[in-house]
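Notes follow once the structure below has been shown.
Nothing fancy with the numbering, it's 1 onward along the sequence. One-based numbering, in listed order, for ligands and for the atoms of each.
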Amino acid sequence: MRYISTRGQSEPLGFSAAVATGLAPDGGLYLPETLPDFSPDLARFEKLGYAELCFEFMRVFATDIPAEALRDLVTRSYARFSHPAIAPLVRLDERTHVLELFHGPTLAFKDFALQLLGNLYERQCRERGESINVLGATSGDTGAAAIHGLLGKPGTASFILYPDGRVSPLQERQMACTGAANVHALAIDGSFDDAQAILKELFADQTFRLKNRLSAVNSINLARVLAQCVYYLYAWLRLSRAERAAAEFVVPTGNFGNVLAGWMLTRMGVPLAGFKVATNQNDILHRLFTTGEYRVGAVQPSLAPSMDIQVASNFERLMYYSVGCDAGRVREIMRTFKETGRYRFENFDRGLFSSSRCTDAEIPEIIRRVHRQFGYVADPHTACAFKELSPDRPSVVLATASPAKFPETLRAVLGEEPVHPSLEALKSRPVVKHRLPATAAAVRAYVEQHAV
Ligand SMILES: *Cc1c(COP(=O)(O)O)cnc(C)c1O
């Protein structure tokens with residue numbers, strides 16, 4: 001299987017090369033050249049456990065990895081999840097299910113993709129006899145999940161920048177208390193935007209990038225989207241026939257990576273019935289789906305920080321399909337959007353998507369209501385999805401983080417703090433972080449000194 005760019009001006013690549021490249025050289029995002037049809041396989045898939053299903057799915061895409069190597073890699077990726085079902089589907093009442101995606105090592109859904117990506121990177125290092133240094137910036141979950149995906153893997157190191165004092169204490173501990181020598185938690189004296197600007201500058205320097213074999217772990221990586229398709233498929237197979245035909249998947253959304261993965265399945269012969277894009281107060285996507293206008297906003301920090309985004313980078317993949325796979329149109333739209341900060345789609349068709357928006361004032365109320373109604377504790381991101389479930393069709397709410405990651409909010413709202421043993425264990429470990437000034441020069445010097 002080959003992978004093409006949404007902007008049509010990059011060479012198609014094989015799976016491993018597309019995963020290693022991340023963003024295509026023409027600025028586009030990689031997608032499979034053709035999509036498989038899984039409809040003849042669905043009956044067989046029903047009987048498979050999570051890792052086995054993931055292997056059967058990924059082998060269709062990762063055609064340049066021998067099957068046994070892929071099976072081993074996938075199995076190891078989900079071996080560190082603490083729930084036997086990996087992605088348990090919990091029934092709250094007749095119409096409402098929760099798909100819990102927070103039983104991985106960092107207690108957020110990003111582990112599903114980043115555990116796999118870490119193993120793919122490790123394999124690549126071995127095959128090529130070359131090391132990889134991952135450089136990323138985080139305001140929370142991504143950094144921790146990336147670090148845990150590469151933890152202790154020979155030939156790899158991770159350098160994660162975050163704004164000192166501006167991620168939650170537990171999130172910082174997930175990055176800075178691993179005890180692993182290949183992890184570098186870089187607390188910069190600046191904001192998340194400063195961290196991103198530094199990253200952009202360092203990645204733009206080709207010489208530095210190649211010399212240190214730098215790789216990014218942002219949410220546009222092809223492997224992340226594909227890995228995320230699997231839990232939708234797994235959950236859908238667990239619904240009754242009637243529920244399959246009607247259920248709406250309700251997804252707390254930031255960069256559109258998670259919900260896009262579910263929708264991609266509908267182009268592969270798996271008829272998921274609908275998706276609700278649940279945003280927080282950073283609502284570029286809710287505005288798009290209600291007005292047809294895609295318009296950049298200013299980020300307002302919220303109680304659901306992993307959804308605090310200005311633009312939803314993975315939306316470009318949906319756009320590619322929406323314009324009939326016309327890469328020229330995608331280039332035109334993205335150029336207008338870049339120049340003017342907005343794009344209006346004429347005769348906008350929402351297709352299978354609906355949307356909602358949840359403000360910071362509403363999140364505590366929703367957490368209380370869900371607790372009262374179902375006896376279920378939702379984290380602030382998942383709470384956004386519970387804003388308004390459809391009264392006349394079943395809902396599958398994706399729970400993207402464990403409430404134990406947000407003890408301050410939960411204590412303030414419910415009067416008690418959820419605890420999780422893996423987070424408790426972190427509290428007694430020493431914090432190993434490196435404070436750096438918010439300059440590209442300081443980060444460059446640090447990476448040069450510590451790259452593997
Ligand atoms: C990253 C994240 C999201 C947003 O996911 P996207 O793929 O960016 O839409 C939602 N909830 C949590 C807990 C996250 O970590």
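The number of heavy atoms from other shown groups lying within 6.0 Å of CZ (Arg344) is above 12. Within 6.0 Å of CG in Asp360 there are more than 12 heavy atoms belonging to other residues, nucleotides or ligands.
Ring orientation note: the planes of His184 and His434 are tilted relative to one another, at an angle of 30° to 60°. Taking the six-membered ring where tryptophan is involved, the planes of Phe256 and Phe315 are perpendicular, since the angle between them exceeds 60° and thus also 30°.
Here the side chains of Phe15 and Leu222 are in contact, with some heavy-atom distance below 4.5 Å.
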Exercise. What's the verdict on ring-ring contact (aromatic ring centres under 6.0 Å, His included) for Phe109 and Phe112, showing C-alpha distance, side-chain angles and the deciding distance?
Worked result: CA-CA 6 Å; Phe109 89 95; Phe112 278 85; 7.9 Å; no

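At a 4.0 Å heavy-atom cut-off, the residues surrounding ligand 1 are Phe109, Lys110, Asp141, Pro252, Thr253, Gly254, Asn255, Phe256, Gly257, Asn258, Ser306, Met307, His381, Thr400, Ala401, listed by chain and number.
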